[in-house]
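These notes are about the structure you will find just below.
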Amino acid sequence: MNRLIYRIDRLLSQGQGRQILWMALVVCVLVAVFWGFSAAWGMPFTVGQIIQLILAPGEFVDHGKHFLGYQVLVNLIGLVLVSSLLISLLSNIVENRASAFSRGLLRYRFADHVLFIGADDILVDTILGQCSEEESSPIVVLTEQDAEEVRKRLMAQIQNPALRRRLVILYGHRTQREQLLSVYAPSAQRIFIIGEPDEDDHDTKSILTLSLIKDMVETGDSIVECYFLCDHISTLRIMQLQTEPLPKNLHLTVMNTAESWAQRVLVNREGYPPLYRLEVPSPEDKEYVHLVIMGVSQMAYSMAATAAHVAHFPNFFTHGVRTRITIIDPQMEAHSDFLRSHYASLFRLARTTYIRWRDGVQQETKYIPEPDYDFLDIECQFIESRVESEPVRKMIAQWAQDENRMLTIAVCSDDMRANLSTALYLPEEVASRRIPIMVYQASNASLAEWSRDYTRYKNIYPFGMREDCYDKTFRARLQWAQQANDAYEDNAARLN
């Protein structure tokens, strides 16, 4: 009995085609049984008449008053078994399809669509930044999360009706070739590989996804723009140095949220004060930029690297002043080794100072490049200590009061609560001199924004929010960079 119930349950959970096939089989068995009985008892019923009696309860075959009881019996069995099963079958099909839609298990044919692979926290902001109202192409999201939960989150955060109508949320794993083919990845006009939140192997899985897409696109004709989001700067470095050629119709752009935010804060300055706060940089200026980074994280590395790229000013050649980048962390020795190995070319040219305290005594180690290589206007300073320590607080207070030092502080550890706490309790001189404090707040910046309502904390600027990480100038800056690269290659070719 249990085996029979199990088989019935399995039947009801199978696909629509199987269910209809089983229904047809039940009808065929009933027709065969009733026609066999009628033939054995000498009743003049044809197969067609038996089918009519089963499928159309209330209909009778005209044989006068003969065989009415048999016809009523066939009618009743047909009504109970066939009609009720047919209604259950149809409702079951509708319910299964609705359930499959909610869970993102249905598949549709797509072409020229925008495909988002993964539903990380940056998904909503990227959709709003990349998909305009004027477009009509479907916005397809393939996610390993609960598709219904993702759909609710997107519908709550995307207010534009036109964009909401274009959304299609599907469930699937991005490392499986069949799943990528089921969303017609090779036919997409743009693909964003953004991954899922809180993945330990985020970059590894995304690289595998990119490899699968490369193989799929290679045989196609249409051009596919692919944007690859990596979590770690090591992955970004690997992607930038790769020499394996891409398919000609695959245009790959590698992005990193930390690097993007660092550029928004230090380059685009979207509501953030500049590092160099005089009106126009002049060779006669004696002031210099000093960026102090508190705590070490991927964001801290990106802020330091971006500042080293852009903080170059003309007064270095007249007054010899250098931009200083200071990083403070209790585990600074290990982090400084990582930075030196990661940016070896920079540190061969940059003056570097390492400061720490042993038994209350300050120890300082300096590195100065050889005279022929001592031409870089960037100097680095590593301080092995807690920000809360008394020696460091005294240093920060002195730096804040230096008239020639344009000080900017960036609190960048991976502990968001500690970041805000550190920013709120810096020395009084930082607040009184209105020294800008950038506070890394990946998850939510509402508390930091609220603190800005108080005069004392007007100089606090939250950044790094994952839900607001899309750089609206990214595509334009990408085009400018491509144009600059093309001009450089043209000149290089001309000069041989």
Side-chain angles (χ1 to χ4, degrees), residues 104 108 110-145 147 150-151 153-170 172 174 180 183-197 202-203 206 209-210 213-214 216-217 222-231 236 239 246 249-264 267-268 270 442 463-483:
Y108 311 93
F110 299 109
D112 238 14
H113 53 298
V114 183
L115 176 60
F116 292 88
I117 301 177
D120 201 351
D121 296 335
I122 71 168
L123 175 61
V124 173
D125 200 45
T126 309
I127 289 175
L128 295 175
Q130 282 284 338
C131 303
S132 65
E133 297 180 35
E134 292 74 21
E135 296 176 326
S136 59
S137 53
I139 301 170
V140 182
V141 179
L142 180 69
T143 177
E144 298 176 25
Q145 300 179 59
V150 173
R151 184 180 295 106
R153 173 159 59 92
L154 294 182
M155 291 301 178
Q157 296 179 346
I158 297 177
Q159 303 302 320
N160 189 304
L163 289 180
R164 294 171 70 169
R165 283 194 295 270
R166 291 162 54 194
L167 281 173
V168 181
I169 316 299
L170 302 176
R174 68 182 190 274
L180 295 174
V183 293
Y184 294 85
S187 302
Q189 56 171 283
R190 278 170 287 164
I191 300 176
F192 294 84
I193 305 175
I194 62 177
E196 307 292 348
H202 176 280
D203 289 357
S206 292
T209 304
L210 177 62
I213 289 175
K214 283 165 59 179
M216 296 176 194
V217 171
S222 58
I223 293 176
V224 178
E225 294 181 27
C226 184
Y227 298 86
F228 179 94
L229 179 72
C230 58
D231 263 0
L236 180 64
M239 299 295 288
L246 293 169
N249 56 337
L250 181 65
H251 295 178
L252 177 64
T253 301
V254 183
M255 304 181 297
N256 176 264
T257 51
E259 185 181 67
S260 176
W261 258 112
Q263 292 174 2
R264 289 176 64 180
V267 181
N268 298 0
E270 299 175 9
F463 76 101
M465 293 73 73
R466 289 189 66 82
E467 293 184 355
D468 183 29
C469 71
Y470 180 73
D471 182 357
K472 297 176 177 59
T473 67
F474 177 76
R475 297 184 75 176
R477 291 194 296 111
L478 194 64
Q479 291 175 354
W480 298 336
Q482 186 63 54
Q483 291 168 1

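All of these numbers come straight from a predicted model, not from anything done at the bench. Note that these values count all heavy atoms, side chains included, but never hydrogens, waters or copies made by symmetry.
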- Side chain Arg166, main chain Glu135, donor-acceptor under 3.5 Å: yes

- Considering non-hydrogen atoms only, spot the tightest contact between Leu115 and Ala188 and give its length. CB-CB, 4.2 Å

- Quick check: does any side chain N or O of Gln157 sit under 3.5 Å from a backbone N or O of Val124, one acting as donor and the other as acceptor? no

- Task: Report yes if the side chains of Leu252 and Met239 come closer than 4.5 Å at any heavy-atom pair, otherwise no.
- Result: yes

- Separation between CE of Met255 and OG1 of Thr126, rounded to the nearest 0.5 Å: 6.5 Å

- Taking all non-hydrogen atoms of both residues into account, name the closest pair between Ile191 and Ala185 and its distance. CD1-O, 3.4 Å

- Message: Rounded to the nearest 0.5 Å, what separates atom SG in Cys226 from atom CG in Leu250?
- Response: 5.5 Å

- Compute whether any side-chain donor of one residue and acceptor of the other, for Glu225 and Thr253, lie under 3.5 angstrom apart. no

- Looking at Val141, Thr143, Ile117, Ile122, which one forms a side-chain contact (heavy atoms from CB on, under 4.5 Å) with Ile194? Ile122

- Identify the heavy atoms of Thr209 and Arg174 that sit nearest to each other, and give their distance. OG1-O, 3.0 Å

- Item | Asp231 versus Asn256, closest heavy-atom pair with distance | O-ND2, 3.3 Å

- Message: For a 4.5 angstrom cut-off between non-hydrogen side-chain atoms, does Val140 reach Leu142?
- Response: no

- Item | Glu144 backbone acceptor or donor facing Glu196 side chain under 3.5 Å | yes

- Going by the angle between their ring planes, with limits at 30° and 60°, are Phe110 and Tyr184 parallel, tilted or perpendicular? perpendicular

- Query: How many angstroms lie between CD1 in Ile158 and CD1 in Ile139, if you round to the nearest 0.5 Å?
  - Reply: 6.5 Å

- Task: Evaluate side chain to side chain contact (heavy atoms under 4.5 Å, CB included) for Ile213 paired with Val224, printing each intermediate quantity in order.
- Result: CA-CA 10 Å; Ile213 289 175; Val224 178; 5.6 Å; no

- Could you pull out the closest heavy-atom pair between Met216 and Pro186, with the gap in Å? CB-CG, 3.6 Å

- Shortest non-hydrogen contact between His202 and Leu229, atoms and distance: CE1-O, 3.3 Å

- Item | Note, Arg466 side chain near Asp120 side chain (heavy atom, < 4.5 Å) | yes

- To the nearest 0.5 Å, what is the distance between CD1 (Ile193) and CZ (Phe116)? 12.0 Å

- Task: Examine distances only and state if a side-chain atom of Asp121 and a backbone atom of Pro197 form a donor-acceptor pair shorter than 3.5 Å.
- Result: no

- Query: Does the side chain to side chain contact (heavy atoms under 4.5 Å, CB included) test come out yes or no for Leu128 and Asn160, once each step is laid out?
  - Reply: CA-CA 9 Å; Leu128 295 175; Asn160 189 304; 5.7 Å; no

- Message: I need the Lys214 NZ to Asn249 CG distance, nearest 0.5 Å.
- Response: 12.5 Å

- Message: Just verifying a value: how many Å separate Cys131 SG and Arg190 CZ, rounded to the nearest 0.5 Å?
- Response: 5.5 Å

